Amino acid sequence: MNGMFISQVDPMRHAIQMAEKAFFHNETPVGAVIVHKAHICVATSNNLESSFDPTGHAEMLAIRQACEILKTTHLVDCDLYVTLEPCVMCAQAISLAHIRRLYFGAYDPKGGGVEHGARFFTHPSCHHRPEVIGGLFEEKCGALLTRFFTKKRLGGML
């Protein structure tokens, strides 16, 4: 996907596709896309289960890959699109990476760290706060998560 030109809606649609890929691989369906200068730079999805890595969140993977591709630790010209409100760990990584804007789909009242829970970006220890836009394709992102966890609770194979 490197270098693909995008419109304003395309990154979230692509993040949803990445979340669907995670769902297919029995991972919690979260997808993330980083856009740099109007082009998709990175597209990732959760891989905690397959990598046995509790930090294998889509956002963390996307930030790592974008920093490597762009040869920087500060993604100041980048926007992050993710299908679920980031947790506190991911919010701190977003801050440390100096992501310009964060767009997310579904809100996460239980595990979110941006609009819910710790609300990391409001803390004095947060050195960089991106512009935050939540609720993009909220219903579609939420429905995928609901479907995943319903099947998991029912013991169904995903």
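In this text, all values refer to a predicted model and were calculated from it rather than measured experimentally.
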_Shared hydrophobic cluster for Tyr81 and Leu61 (ILVMFWY, side-chain gaps under 4.5 Å)_ = no
*With sequence neighbours excluded, what pairs up with Glu131 under the salt bridge (charged side-chain N to carboxylate O under 4.0 Å, His left out) test?*
Arg101
*Leu70 and Ile34: same hydrophobic cluster, using ILVMFWY side-chain contacts below 4.5 Å?*
yes
*What class does the angle between the rings of Phe120 and His123 fall in, given that below 30° is parallel, 30 to 60° is tilted and above 60° is perpendicular?*
parallel
*For residues 41-67, which residue pairs qualify under ring-ring contact (aromatic ring centres under 6.0 Å, His included), counting only residues two or more places apart or in two chains?*
none
*Provide the closest heavy-atom pair for Leu145 versus Thr28 in the form atom of the first, atom of the second, distance.*
CD2-CG2, 3.9 Å
_Restricting to side-chain hydrogen bond (donor to acceptor under 3.5 Å, both in side chains), what partner residues turn up for Ser50, sequence neighbours left out?_
Glu27
*Common cluster, Val76/Ile69, ILVMFWY with side-chain heavy-atom separation under 4.5 Å*: no
_Cluster link Met60 to Leu102, ILVMFWY, side chain under 4.5 Å_ = no
*Could you note down all residue pairs passing salt bridge (Lys or Arg N to Asp or Glu O under 4.0 Å) where residues 42-65 supplies at least one of them, sequence neighbours left out?*
none
*State, to 0.1 Å, how close Glu85 and Gly113 come at their nearest heavy-atom pair, and which atoms those are.*
OE2-N, 3.6 Å
*Looking at Phe23, is Arg147 sitting on its ring face, NZ or CZ under 6.0 Å from the six-membered ring centre and within 45 degrees of the normal?*
yes
*Which pairs count as salt bridge (Lys or Arg N to Asp or Glu O under 4.0 Å) when at least one residue sits in residues 133-144, sequence neighbours excluded?*
none
Donor-acceptor pairs under 3.5 angstrom involving side-chain atoms of residues 92-100: please list them, not counting sequence neighbours.
residue	atom	partner	partner atom	Å
Ser95	OG	His128	N	3.3
Ser95	OG	His128	O	2.8
His98	NE2	His74	NE2	3.4
Arg100	NE	Asp79	OD1	3.0
Arg100	NH2	Asp77	O	3.3
Arg100	NH2	Asp79	OD1	3.4
Arg100	NH2	Asp79	OD2	3.4

*Tell me whether Val33 is reachable from Met12 by hopping between hydrophobic residues (I, L, V, M, F, W, Y) whose side-chain heavy atoms are closer than 4.5 Å.*
yes
*Taking Thr72 for its side chain and Cys67 for its backbone only, find out whether a donor-acceptor pair lies under 3.5 Å.*
no
*Shortest non-hydrogen contact from Val82 toward Pro86*: CG1-CG, 4.0 Å
